[in-house]
A.B. asks: 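First, the structure itself, so that you have it in front of you.
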Amino acid sequence: MTGTDGKKRPMSKERRRFLRKIIIFFLVIATPVLTALCIFLGVRLHLVSGELRKLQAQAAEAAVLHYAEAPEENAGREEAEAPGENTGREEAEAPEENAGWEEAEVPEENAGQKEAEPPEEAGKEADESPVESSREENRDWGAGNGTDTDRYAAEGVTVSRRDSTGKPADDTEEETVSEDGSIRKVYLTFDDGPSSNTGRILDILAEYDVKATFFVVGREEEAYQELYQRIVAEGHTLGMHSYSHKYDEIYQSLDSYVQDLSRLQEFLYETTGVWCRYCRFPGGSSNTVSRVDMHELIDWLDEQDITYFDWNVSSGDASNSYISTDEILRNCLSTLSTNQESIILMHDASNKNTTVQALPELIERIQAMDNTVIVPITEETEPIQHISK
């Protein structure tokens with residue numbers, strides 16, 4: 001305001017007090033509230049972004065599992081389910097088929113479970129530096145960015161078999177069971193455990209006296225320690241999947257993959273005394289999520305004397321959508337009669353209840369097949385690999 005002489009009047013004391021109160025209000029009350037609100041919104045945005053990336057990775061894995069099977073494996077699925085496949089098989093057949101086999105398999109079951117100290121020259125010392133650095137760097141890894149390109153392609157995926165020397169087997173070799181009565185081998189493999197379902201799976205396997213292979217992830221909580229140890233103690237094969245199972249971090253580079261798998265290998269050795277020599281890539285070797293050429297990762301595994309295993313039979317349980325026990329059984333059984341060696345992909349996760357429910361009947365129907373046994377992966381197992389060199 002101005003006076004009659006045209007000059008501004010000084011602000012009254014009451015007005016100055018009022019302005020000071022407003023300023024103090026914003027500094028003391030409004031500013032912290034706004035800051036807390038911004039932090040809350042930032043945290044929520046980060047959580048939502050993480051969930052979206054996880055869903056994208058799971059959807060991508062489900063896609064490759066659906067399409068990675070060879071075309072002939074999907075042909076005539078419904079015909080393969082005809083009642084004639086198992087008609088007339090008496091329940092007494094299963095014990096006869098497996099009679100004496102379990103005794104013969106005992107030396108092999110734990111052939112790959114090396115309880116001794118890991119080799120010093122080719123193993124532990126060569127990996128000490130990357131492992132130690134990975135434990136520090138792993139804490140600072142940021143979340144990757146899931147994009148629409150994070151998909152698994154079915155095109156160009158081939159299934160390669162390798163002999164014990166690691167060389168590709170003859171592609172012209174007949175895959176059906178020979179008429180000389182040779183044994184057909186079926187491998188039950190479980191990815192992503194341990195989980196709340198692992199104990200149930202182990203109980204079922206023990207009930208049927210069947211050995212399987214578990215490609216596990218890294219979970220240091222005390223509740224899971226017993227499950228890792230039980231897998232080994234009960235004669236199953238312990239394999240590596242990945243420590244974090246975070247695709248955007250694992251497949252950033254060769255170094256990030258080495259750090260993740262080396263961390264898991266050391267963790268499993270400390271927990272179980274087994275220096276693992278078997279692994280399965282998250283999403284399989286045919287995934288298209290990896291930012292690094294998968295051949296580089298495979299070459300590194302070869303240098304470390306680690307064998308990777310894909311699959312030629314998928315249960316279909318990788319999908320987030322519901323899958324019935326009947327569908328799991330159909331997916332697993334429809335092509336077994338055409339394979340001399342079948343590696344079945346299943347998942348050991350807390351939400352895979354129908355997989356657990358289907359397991360008893362799956363075992364019973366496999367055991368009822370002529371000249372067919374269920375065995376764990378060992379050093380003698382011929383790998384199924386989607387990528388051939």
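Small disclaimer: the values here were computed from a predicted structure and weren't measured. Heavy-atom basis, side chains included; hydrogens, waters and symmetry copies ignored. Numbers for residues simply follow the sequence, beginning at 1.
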A.B. asks: Run the side chain to side chain contact (heavy atoms under 4.5 Å, CB included) check on Trp311 and His386 step by step: do they pass?
C.D. replies: CA-CA 8 Å; Trp311 60 90; His386 294 166; 3.6 Å; yes
A.B. asks: Look up atom OH in Tyr308 and atom CG in Asp302, then write down how far apart they are to the nearest 0.5 Å.
C.D. replies: 8.0 Å
A.B. asks: Could you measure the distance from the CZ atom of Arg277 to the CD1 atom of Ile377? Nearest 0.5 Å is fine.
C.D. replies: 16.0 Å
A.B. asks: Please say whether more than 12 non-hydrogen atoms of neighbouring residues, nucleotides or ligands are located less than 6.0 Å from CD in Gln225.
C.D. replies: yes
A.B. asks: Report yes or no: do Val356 and Ile328 belong to one cluster of Ile/Leu/Val/Met/Phe/Trp/Tyr joined by side chain heavy-atom distances under 4.5 Å?
C.D. replies: no
A.B. asks: Can you check side chain to side chain donor-acceptor pair (under 3.5 Å) on Glu364 and Tyr208, steps first, answer last?
C.D. replies: CA-CA 8 Å; Glu364 290 174 3; Tyr208 288 91; 2.5 Å; yes
A.B. asks: With rounding to the nearest 0.5 Å, note down the distance linking CG in Asn339 to CG in Asn312.
C.D. replies: 5.0 Å
A.B. asks: Heavy atoms, side chains only, cut-off 4.5 Å: are Glu341 and Tyr187 in contact?
C.D. replies: yes
A.B. asks: If you look at every heavy atom in Ile387 and Asp310, which pair is closest and at what distance?
C.D. replies: N-OD2, 4.4 Å
A.B. asks: Apart from Phe40 itself, which Ile, Leu, Val, Met, Phe, Trp or Tyr residues share its cluster (side-chain heavy atoms under 4.5 Å, direct or through members)?
C.D. replies: Leu37, Leu41
A.B. asks: Fit a plane to each ring of Phe215 and Phe309, take the angle between them on a 0 to 90° scale, and name the class: parallel (under 30°), tilted (30 to 60°) or perpendicular (over 60°).
C.D. replies: tilted
A.B. asks: Evaluate the side chain to side chain contact (heavy atoms under 4.5 Å, CB included) criterion for residues Asp260 and Glu249: first the C-alpha distance (whole Å), next the side-chain angles of each, then the deciding distance (0.1 Å), finally the verdict.
C.D. replies: CA-CA 9 Å; Asp260 184 274; Glu249 294 179 0; over 6 Å; no
A.B. asks: Tell me whether Tyr278 shares a hydrophobic cluster with Leu345, the cluster being built from Ile, Leu, Val, Met, Phe, Trp, Tyr side chains joined at under 4.5 Å.
C.D. replies: yes
A.B. asks: Any chain of hydrophobic side-chain contacts (each under 4.5 Å) joining Leu362 to Phe190?
C.D. replies: yes
A.B. asks: A side-chain contact here means heavy atoms from C-beta on lying under 4.5 Å apart; do Asp348 and Phe214 qualify?
C.D. replies: yes
A.B. asks: What verdict does the side chain to side chain contact (heavy atoms under 4.5 Å, CB included) test give for Thr237 and Lys211, after you've listed the backbone C-alpha separation in whole Å, the side-chain angles of each residue and the deciding distance to 0.1 Å?
C.D. replies: CA-CA 8 Å; Thr237 296; Lys211 308 303 179 186; over 6 Å; no
A.B. asks: So, taking the atom named OG in Ser350 and the one named NE2 in His347, what distance separates them when rounded to the nearest 0.5 Å?
C.D. replies: 12.5 Å
A.B. asks: Test side chain to side chain contact (heavy atoms under 4.5 Å, CB included) on Met369 and Leu336 and set out the steps.
C.D. replies: CA-CA 9 Å; Met369 297 174 67; Leu336 291 189; 4.0 Å; yes
A.B. asks: So which atom in Cys279 and which in Ile306 form the shortest heavy-atom distance, rounded to 0.1 Å?
C.D. replies: SG-CG2, 3.9 Å
A.B. asks: Applying the 4.5 Å side-chain criterion to the ILVMFWY set and letting contacts propagate, would Ile323 and Leu359 be lumped into a single cluster?
C.D. replies: no
A.B. asks: When rounded to the nearest 0.5 angstrom, what distance separates OG1 in Thr189 from CE in Met346?
C.D. replies: 6.5 Å
A.B. asks: Supply the atom-to-atom distance Leu227 CG to Thr271 OG1, rounded to the nearest 0.5 angstrom.
C.D. replies: 11.5 Å
A.B. asks: Quick one: does Val210's side chain get under 4.5 Å of Ile366's, heavy atoms only?
C.D. replies: no
A.B. asks: Tell me whether Glu222 at atom CD has more than 12 heavy atoms from other residues, nucleotides or ligands lying less than 6.0 Å away.
C.D. replies: no
A.B. asks: Test ring-ring contact (aromatic ring centres under 6.0 Å, His included) on His245 and Tyr247 and set out the steps.
C.D. replies: CA-CA 6 Å; His245 207 262; Tyr247 290 53; 5.4 Å; yes
A.B. asks: Please say yes or no: joined through hydrophobic side-chain contacts below 4.5 Å, possibly via intermediate residues, are Val313 and Phe281 part of one cluster?
C.D. replies: yes
A.B. asks: Would a 4.5 Å heavy-atom cut-off, applied to side chains only, mark Ile250 and Ser244 as touching?
C.D. replies: yes
A.B. asks: Are side-chain N/O atoms of Tyr322 and Glu327 paired as donor and acceptor at under 3.5 Å?
C.D. replies: no
A.B. asks: How about Ser286 and Met294: do any of their side-chain heavy atoms sit closer than 4.5 Å?
C.D. replies: no
A.B. asks: List the atom pairs, with distances to 0.1 Å, where a side-chain N or O of residues 199-207 and a protein N or O form a donor-acceptor pair under 3.5 Å, not counting sequence neighbours.
C.D. replies:
| from | atom 1 | to | atom 2 | distance (Å) |
| --- | --- | --- | --- | --- |
| Arg200 | NH1 | Asn197 | OD1 | 2.9 |
| Arg200 | NH1 | Asn353 | OD1 | 3.4 |
| Asp203 | OD1 | Arg230 | NH1 | 3.4 |
| Asp203 | OD1 | Arg230 | NH2 | 2.5 |

A.B. asks: Should Pro376 and His236 count as side-chain neighbours, where that means a heavy-atom distance under 4.5 Å?
C.D. replies: no
